[in-house]
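Note on naming: letters A, B, ... go to the chains in the order of the sequence lines (proteins, then strands), and numbering restarts at 1 for each one.
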Amino acid sequence: MFFMNYDFKKIEKKWQEQWAEAGIYAANDNSAKPKYYALIEFPYPSGDGLHVGHIRSTTAMDIISRKRRMEGYNVLFPIGWDAFGLPTENYAIKTGIQPAIVTRQNTDVFRKQLKALGFSFDWKREINTTDPNYYKWTQWMFLRFFEKGLAYKARMPINWCPKDKIGLANEEVVGGKCERCGTPVEQREREQWMLKITAYADKLLEGLKHVDFLPEIKRQQEHWIGRSEGFKIGFKLDGLGVLGTAVEIFTTRLDTIFGATFVAVSAETAKKWLEAGWESPDEIKKYIEQVLAERKNAGFEATEKSGIFSGVQAVNPVNGETVPVWITNYVLGGVGTGAVMGVPAHDERDFEFAKKYNLPIRAVVGPSSGLVFADRPFVQDGFLHHSGTFTGMSSAEAIPAISKALEARREVRYRLRDWVFSRQRYWGEPIPLIYCEKCGWIPVPEKDLPITLPEVKDYKPRDDGQSPLASVEEWVEVKCPKCGGLARRETDTMPNWAGSSWYFIGYLMTENLKSREPISEQIKSEEVQNKLKRWLPVDWYNGGMEHVTLHLLYSRFWNQFLHDEGLVPVSEPYRKRTAHGLILAAGGVKMSKSKGNVVRPDDLIAEFGADAMRVYEMFMGPFNQAIAWDEHGILGTYRFLERVFRLATQEKNPTTLQTELARLLELTVKKVGEDIESLSFNTAVSAMMILINKIQAAGGMPRDSWKTFLLILAPFAPHLTEELWEKFSGEGSVHLHPWPAFDEQALAAALVKIVVQINGKIKTRLSVPAGLVEAEITQLALADPVIVVQLKEATVRRIVFVPDRLINIVV
RNA sequence: GCCGAGGUGGCGGAAUGGCAGACGCAGUAGACUCAAAAUCUACCGAUCGCAAGGUCAUGAGGGUUCAAGUCCCUCCCUCGGCACCA
């Protein structure tokens, strides 16, 4: 061994080529080893190229994949492109260049950049959602939903920019205004394809119990689904004239019904009464119109509560009491029955309303100790008071009892809405349906899939809100597959979420995607089913917190459906899901092209190398927290790697290992292994830095110890460690060598430092053999000169002793 | 407004209730050098003190404890999510 420079450029290029040639990261479909499926959210290949945030999250999963390989797993760590979407389309609108060409250019750049970072992807399994071979399957799967009645057409409001005359995706609406021109966005009704995800609401909730997702991820999904169990109850009306029957209210808090002091109905409900012939003063009519108009315009923001007394009275069925009916703006027509019982003592909104209009507040539920109404509503469950025969019951007992007495109808409601699956856009999967005047909506026969995107001149959505595909007459006009008559293709395309809803399955059968065999036969074949059984579920899926509600829910739904169809062996696609923090631009704002603050990694990689870049991004801060980008620190990780290289290749490394260094090495092996599992990469790097600093001070380390160290550094800095491993004539690749075990016994130190406190303040430290008992330490502590001086005039009242750590003398 | 995460040196950040500031960046001094870079060594929260040492410090204020950045209560601020879901 002789001194040499850390020539990362040469080293990184050399090993990237050798790994590719040897195929050491390819997942094996026929291995006897246990499988491990590690997944990242596949990137959208934007024109900006890879940015520093991609590197952080991808390096993390790369580290986990590499560690698993070393632990003896057959690892699948795939990569692909989620390439349909607006930025590419907008670029095409501006330049007229075909989105397919832009996509190819962008993916070429991304692929090159990812390869330069040494990620251990199985590149043979690369997929692209815009590849007709891929979206043929997406279209086929959509038709399965259609055949099961889970895809349907409905009139839905879309965001419409009146100036640009186009429909906007939600992402293009910022604060109720068009992202490009700033014009306030209007809601327009349009026929849209919908997927009935609500049919899977309970299954999606139930499935969460069996997966290992971060608690906050589960909570967000639960909240998004928003299951609530309630009851519908009729309140008889008095004063609506001939209409005077009943108003139906919905509540989840039947136990508070004795506290109802009014009934609040939505403007929509009141309007229906008017249409049915209710005669009411102009004042009320005006108010109703005003609320409806406000709702249309505001849409997004909550307005101040208001209401008007309708003149109508309602009868509370539980006690026959008469309460006033108010028409309000805070009860929504589309939610529940569009009417609620107002219980100000036990509901924040009713309380606010009652305060404003001086309506009575009657508390009927409280903690067991007694019923105290403070200046805020009591919204928890409790015990009933002033509630007739139900007084004294707990909320949990009272709800079924009251519902039985009233014969109330129980109803389960969800916040979750069905998935709007249509986009009036070009750059997405065409929806493979044909409309025939005679036969209705007819699916495209499987032999005609994929329906590929036709070339168009202009990619801009049309003035009438239709997709540009509607202008391609020769594409739109087809024969009805059923009757042979003249029919028209659906011109809407699928949303971005479609292709990403099943891509983790796509990776498992990339060869089959290319095949011309019918999908319905292929997917049920033993060959494909065996692959799916081998790899599913994904063992660890990491991605952004921003995808935790939509993408994660959609893909779970999609997979559960395929499972119910008998096409996929597992009902939950992801066993474990974690999330990373965003990398923000300097100043803590999001990086975006429009702000011009996107940081590209290329220059830094050229200057410090891929390994230094990887280690730095892991070292920056806690992985699960957002962090502002600052490249100054990369010099520190470069110095660390350079130091590793220099010390490991120095002329003479000692042949024996000092006891303390040996112990530190064991500790570091343990800590790095544990920190990787808990995504604490920053402290793992720090631990390795501490070790290297100690090695520097000790003048070096024997070869075998170096090899152990290389093994734990390997997932972080794969090129450098592979190079040194070769120089140390290690067997094969460092990345396929077993992960080192650590010796618990070697971790124990012979000497420990004991902190001596007086009244909790540190006074001195004792260096003593490990394992001394309280009496021995007390004796030593009290004899210490510093302590003797401090205790001169005090009496010891108490001694607190923590073995091998601390003694506190209380005086 | 509600839910969640967070607030620690000049900066990024460490810390199973038990030595606050690990590790790194920036900075200061020294060694090496003709010199510089690189590297190595030491120092590096504030404050009082010649020093030994003391005092104050983890957003603010209370509390529990022998001991609190960590647990409890009240409040302030930042970020993310949701927006009247009955």
Side-chain angles (χ1 to χ4, degrees), chain A residues 5 214-217 219-220 223-224 226-228 230-231 249-254 256 264 266 299-305 328-332 334-343 346-350 352-353 379 413-417 544-546 548-549 579 581-582 584 588-590 615-616 619-622 624-640 642-643 646 680 682-693 696-697 753-765 786 789 797-802 804-811:
Chain A
N5 285 318
L214 290 182
E216 57 264 41
I217 294 176
R219 211 180 302 115
Q220 272 201 36
H223 183 238
W224 194 264
R227 185 183 201 275
S228 60
F231 296 88
I249 63 107
F250 180 80
T251 181
T252 57
R253 291 298 305 276
L254 201 53
T256 65
S266 62
F300 305 96
E301 306 261 331
T303 43
E304 203 200 316
K305 289 181 180 53
T328 72
N329 69 342
Y330 79 95
V331 177
L332 306 176
V335 178
T337 58
V340 300
M341 59 180 193
V343 188
H346 304 295
D347 183 278
E348 300 270 3
R349 296 151 302 185
D350 296 343
E352 202 183 316
F353 187 75
V379 296
R413 291 194 50 255
Y414 301 95
R415 223 183 85 95
L416 183 70
R417 308 276 172 83
M545 208 59 201
E546 70 275 18
V548 152
T549 41
L582 287 176
L584 306 168
V589 293
K590 265 193 185 171
V615 176
Y616 177 56
F619 181 60
M620 282 183 81
N624 59 1
Q625 266 174 42
I627 189 167
W629 178 255
D630 173 12
E631 63 189 51
H632 286 98
I634 193 172
L635 191 58
T637 52
Y638 174 80
R639 284 181 187 145
F640 162 66
E642 205 269 333
R643 195 179 248 201
R646 190 157 33 79
S680 309
N682 53 336
T683 50
V685 173
S686 151
M688 290 188 282
M689 286 174 166
I690 292 169
L691 177 66
I692 284 300
N693 293 346
Q696 161 88 36
K753 256 189 205 158
I754 297 217
V755 172
V756 184
Q757 298 179 334
I758 293 176
N759 287 346
K761 296 210 176 216
I762 294 130
K763 295 300 172 188
T764 186
R765 296 167 183 85
V786 178
V789 173
R797 304 176 78 91
R798 192 178 156 188
I799 303 265
V800 179
F801 175 69
V802 184
D804 286 348
R805 300 197 79 139
L806 167 144
I807 179 165
N808 187 12
I809 301 161
V810 185
V811 298

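Out of B:rU41, B:rC19, B:rA14, the shortest distance to the side chain of A:Thr683 is found at B:rA14. Proximity note for A:Val802 (side chain, C-beta onward) versus B:rC40, B:rA86, B:rG18: the nearest is B:rG18. Closest to the side chain of A:Arg415, from the set B:rC82, B:rC40, B:rC23, is B:rC82. Relative to the side chain of A:Arg646, the nucleotides B:rC40, B:rU16, B:rC82 differ in distance, and B:rC40 lies closest. Of the candidate nucleotides B:rC11, B:rC66, B:rC56, B:rC56 has the atom nearest to the side chain of A:Lys761. With B:rC19, B:rC23, B:rC11 as the choices, the nucleotide that has an atom nearest any side-chain atom of A:Phe619 turns out to be B:rC23. Residue A:Arg639 has its side chain nearest to B:rU39 when only B:rC23, B:rA20, B:rU39 are considered. The side chain of A:Lys763 has B:rG54 as its nearest neighbour among B:rC84, B:rG54, B:rA26. You'll find that the side chain of A:Val335 is closest to B:rA86, out of B:rA86, B:rG12, B:rC23. The listed nucleotides are B:rG4, B:rC25, B:rG18; the one nearest the side chain of A:Glu216 is B:rG4.
The six-membered or imidazole ring of A:Phe231 lies away from that of A:Phe250, with a centre-to-centre distance of 6.0 Å or more.
Nucleotides B:rC23 and B:rA15 have their C1' atoms positioned 12 Å apart, rounded to a whole Å. Distance noted for atom C1' between B:rG6 and B:rA29: 38 Å (whole Å). The same atom, C1', is picked in B:rG9 and in B:rU47; the two are 15 Å apart, to the nearest Å. Taking atom C1' in both B:rG17 and B:rA86, one finds a spacing of 43 Å when rounded to whole Å. A distance of about 14 Å separates the C1' atoms of B:rA38 and B:rA31, rounded to the whole Å. B:rA26 and B:rU78 have their C1' atoms separated by 25 Å, given to the nearest Å. B:rU70 and B:rA57: their P atoms are spaced 13 Å apart (whole Å).
Syn is the glycosidic conformation of B:rG9, whose angle stays within 90° of 0.
At least one cation-pi condition fails for A:Lys305 and A:Phe353: the charged atom is not both under 6.0 angstrom from the six-membered ring centre and inside a 45 degree cone around its axis.
Pair assignment for B:rG4 gives B:rC79, based on Watson-Crick or G-U wobble hydrogen-bonding distances that are each under 3.5 Å. Figure legend. B:rU74 is base-paired to B:rA60; pairs are counted as Watson-Crick or G-U wobble with both atom distances under 3.5 Å. Here B:rU65 sits opposite no nucleotide as a Watson-Crick or G-U wobble pair (both hydrogen-bonding atom distances under 3.5 Å). When Watson-Crick and G-U wobble pairs are counted only if both distances are under 3.5 Å, B:rG17 pairs with no nucleotide at all. B:rA86: no Watson-Crick or G-U partner with both key distances under 3.5 Å is found in any strand. Remark: B:rA26 base-pairs with no nucleotide in the shown strands. Criterion, Watson-Crick or G-U wobble with two distances under 3.5 Å. With both pairing distances under 3.5 Å, B:rG49 is matched to nothing as a Watson-Crick or G-U wobble pair. Across all strands shown, the partner of B:rU39 is B:rA31, judged by Watson-Crick or G-U wobble contacts whose two distances both fall under 3.5 Å.
A close approach under 4.0 Å does not occur between any side-chain nitrogen or oxygen of A:Asn808 and OP1 or OP2 of B:rG18. The phosphate of B:rG81 has neither OP1 nor OP2 within less than 4.0 Å of any side-chain N or O from A:Arg219.
Remark: A:Ile809 CD1 to A:Ile758 CD1 distance equals 5.5 Å, nearest 0.5 Å.
If you check distances only, the side chain of A:Gln757 does reach the base of B:rG18 with a donor-acceptor pair under 3.5 Å. On a pure distance criterion of 3.5 Å, no polar donor-acceptor pair joins the side chain of A:Arg798 and the base of B:rC66. Between the base of B:rC84 and the side chain of A:Lys305 there is a donor-acceptor pair shorter than 3.5 Å.
Proximity of A:Leu582 to A:Met545: side-chain heavy atoms (C-beta onward) are nowhere separated by under 4.5 Å.
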